[in-house]
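Both backbone and side-chain heavy atoms feed into the values below; hydrogens, waters and symmetry mates do not.
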Amino acid sequence: MSISNRKSSIKSPLHFIEAVQPSKIGDTIYHKLSTLSVITEFFPPDYAATGQLIEELIKQLEKQGIRIRVFTGQPGYAFTTAKAPALEQLGNIRVQRSRSTQIWSNRIRGKAVNGVLFTLRAFLHIIANARKNDVFLLTSAPPFLSIAGYLTHLLLKFPYVCLIYDLYPDIAIALGVVSHKHWLAKFWWAINRQIWQKSKGIIVLSPAMKERVVAICPQVADKVSVIHSWGDSELILPITKEKNWFAKQHNLDSIFTVLYSGNMGRCHDTDTILVTAQQLQNEEIRFVCIGGGPKRESFIQDVKRLGLKNFLFLPYQDKSVLPYSLTACDLSLVSVEAGLESLVAPSKLYPALATGRPIAAICPKDSYLRQLITDGQFGVSIDNGDSDSLSKFILNLKSDRQLAEKMGNASRQYLQSNFTPEIIAKQYINVLEKSII
């Protein structure tokens, strides 16, 4: 598949005007932000998406001359190691790892306890290591980590910015873990309002997430910035399956392949994928699911129960393998469960764009993914449960290679015009700069 090197003619997404355009950010403002402290539970060698994204972001920020200090935990989701250096210096990036606690790590309550313990360690770390002119970027991994920034601000007046990947307690309510009338949910919302109002900025991943945050706390409307995730178009290139060792190793090079790569979590729609595969079980089509998550085992059991032979399940792949695993397909899938469109934003979309393959997004009608697909013309959006439409699209792509190539070219061009690490890092710098003005 050939990829044009000319400047993309595809327009930017309509909602993207909220983010600062690169032309508005010059070298003259970079010096204002000299040191950034990033607090996140997950960081490589963890393969959790949040940690991988933070690593790519801070490497881009370091290129602008910013000193970075990362406080994180020991790996809990690593491939080959359960322990990483307690202190690591990578150029201008200093990584300090706290010991981690893994109590019932595969259960919701265990993860909550582990998150609370990490938050306590993060608070003590900030108090002991905060320096003048620091800005703190606190992720929502774990969901209540921003409490550490809030308390530090009350004590020492250091500015902090909240980076919200997933919105809690709203996700827990949508998944039926807790009722919206429960005291815990009401208390959590109250804490969120206090944290957000004291913050110097709030970064969310989609326009719908911004609307939800503002609905909860209207006072912070001017603080909320929409900054998308990104894909590394230099790491992930559009390799043809015929030249892809991963595709050959798993016998995918000569069969039409539909790929779902990433977390199979409670927020992701796997049922529509399952029914679609059942409808296409007599076609020369292979469904490949790479990753883990709470729904993985039940997904595998459903496939076995239905006697489907057109599935291949593989574990998470090392980052060095991703350029090959992500391109070992003809179509990539992204999914969001109904009712969660304003609470999560699938980061798997952006590296999928880099592969130069068409994308089908299974999502609610008001999901921001639909606007991206309309703008970029790189695939289709499918209603949750509409396996018929997904099946028809897959068969259409399989028979029309020109359409597949056109959409694949559009996907990569759209990423390079809007969602590269360089573009996104400049938008982060703009928000972080404002926190110290």
Tell me whether [X] contacts the main-chain N or O of [Y] through its side chain, where contact means a donor paired with an acceptor under 3.5 Å.
X: Gln281; Y: Gln278; answer: yes
X: Ser389; Y: Asp386; answer: no
X: Tyr160; Y: Ile195; answer: yes
X: Gln197; Y: Val220; answer: no
X: Glu341; Y: Gly339; answer: yes
X: Arg412; Y: Ala354; answer: yes
X: Ser367; Y: Cys363; answer: no
X: His250; Y: Leu252; answer: no
X: Lys434; Y: Gly201; answer: no
X: Asp232; Y: Leu235; answer: yes

Checklist entry - Going through the checks in order, is the side-chain contact (heavy atoms from CB on, under 4.5 Å) test met by Gln377 and Met407? => result CA-CA 7 Å; Gln377 297 294 302; Met407 286 185 169; over 6 Å; no
Quick one: are [X] and [Y] in side-chain contact, heavy atoms under 4.5 Å?
X: Phe43; Y: Ile54; answer: yes
X: Trp189; Y: Ile173; answer: yes
X: Tyr260; Y: Ser335; answer: yes
X: Pro294; Y: Asn263; answer: yes
X: Val431; Y: Glu433; answer: no
X: Thr276; Y: Leu280; answer: yes
X: Glu422; Y: Gln60; answer: yes
X: Ile273; Y: Ile362; answer: yes

Item to check | CG (Asp366) with more than 12 external heavy atoms under 6.0 Å | outcome: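 Atom CG in Asp366 is crowded, with more than 12 foreign heavy atoms closer than 6.0 Å.
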Item to check | Exceeds 12 heavy-atom contacts within 6.0 angstrom, atom OH of Tyr324 | outcome: no
Would you give the length of the straight line joining atom [atom1] of [X] to atom [atom2] of [Y], rounded to the nearest 0.5 angstrom?
X: Gln371; Y: Ser381; atom1: CD; atom2: OG; value: 10.5 Å
X: Tyr368; Y: Met209; atom1: OH; atom2: CE; value: 8.5 Å
X: Ile93; Y: Leu61; atom1: CD1; atom2: CG; value: 8.5 Å
X: Lys198; Y: Lys223; atom1: NZ; atom2: NZ; value: 8.5 Å
X: Asp302; Y: Thr270; atom1: CG; atom2: OG1; value: 7.5 Å
X: Ser179; Y: Lys186; atom1: OG; atom2: NZ; value: 8.5 Å

Checklist entry - Aromatic ring centroids of Phe313 and Phe311 under 6.0 Å? => result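 Ring-ring flag for Phe313/Phe311: true, centres closer than 6.0 Å.
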Checklist entry - Is the Phe71 to Phe118 ring centre distance short of 6.0 Å? => result yes
Checklist entry - So Val336 and Val344, side-chain contact (heavy atoms from CB on, under 4.5 Å) or not? Walk me through it. => result CA-CA 8 Å; Val336 176; Val344 297; 4.0 Å; yes
Next on the checklist: Per the side-chain hydrogen bond (donor to acceptor under 3.5 Å, both in side chains) rule, what does the pair list look like for residues 138-156, sequence neighbours excluded?
Outcome noted: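 For residues 138-156: Thr40-Thr139.
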Next on the checklist: Looking only at side-chain N and O atoms, does Ser391 offer a donor or acceptor that is under 3.5 Å from a partner on Asp388?
Outcome noted: no
Next on the checklist: For Asn384 and Glu337, which I'm curious about, is there any donor-acceptor pair between the side chains at under 3.5 Å?
Outcome noted: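 No, because no side-chain N or O of Asn384 sits under 3.5 Å from a partner of the opposite role on Glu337.
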Checklist entry - Of the options Tyr414, Phe419, Trp230, which is the one that meets Tyr350 in a ring-ring contact (aromatic ring centres under 6.0 Å, His included)? => result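 That would be Phe419.
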Smallest separation among heavy atoms of [X] and [Y], with atom names:
X: Leu205; Y: Val226; value: C-CG1, 4.3 Å
X: Asp269; Y: Gly385; value: OD2-N, 4.1 Å
X: Arg296; Y: Pro315; value: NH2-N, 4.0 Å
X: Gln89; Y: Gly91; value: NE2-O, 2.9 Å
X: Ser347; Y: Ser229; value: CB-OG, 4.0 Å
X: Gly356; Y: Ser411; value: CA-OG, 3.5 Å

Checklist entry - Passes side-chain hydrogen bond (donor to acceptor under 3.5 Å, both in side chains), Ser387 versus Gln279? Steps please. => result CA-CA 8 Å; Ser387 56; Gln279 292 174 341; 3.1 Å; yes
Checklist outcome for this item: Residue set satisfying salt bridge (charged side-chain N to carboxylate O under 4.0 Å, His left out) with Lys181, at least two apart, ordered chain then number -> none
[X]/[Y] ion pair, N-O < 4.0 Å:
X: Asp330; Y: Arg357; value: no
X: Arg121; Y: Glu41; value: no
X: Asp375; Y: Arg370; value: no

Checklist entry - Do Leu57 and Leu53 pass the side-chain contact (heavy atoms from CB on, under 4.5 Å) test, and can you show the C-alpha distance, the side-chain angles, and the key distance before you say yes or no? => result CA-CA 6 Å; Leu57 172 65; Leu53 288 169; over 6 Å; no
Checklist entry - Could you walk me through whether Ile227 and Tyr428 pass the side-chain contact (heavy atoms from CB on, under 4.5 Å) check? => result CA-CA 8 Å; Ile227 304 182; Tyr428 269 85; 3.5 Å; yes
Item to check | Pairs involving residues 57-76, ordered by first then second residue, that meet salt bridge (charged side-chain N to carboxylate O under 4.0 Å, His left out) (sequence neighbours left out) | outcome: Glu55-Lys59, Arg69-Asp134
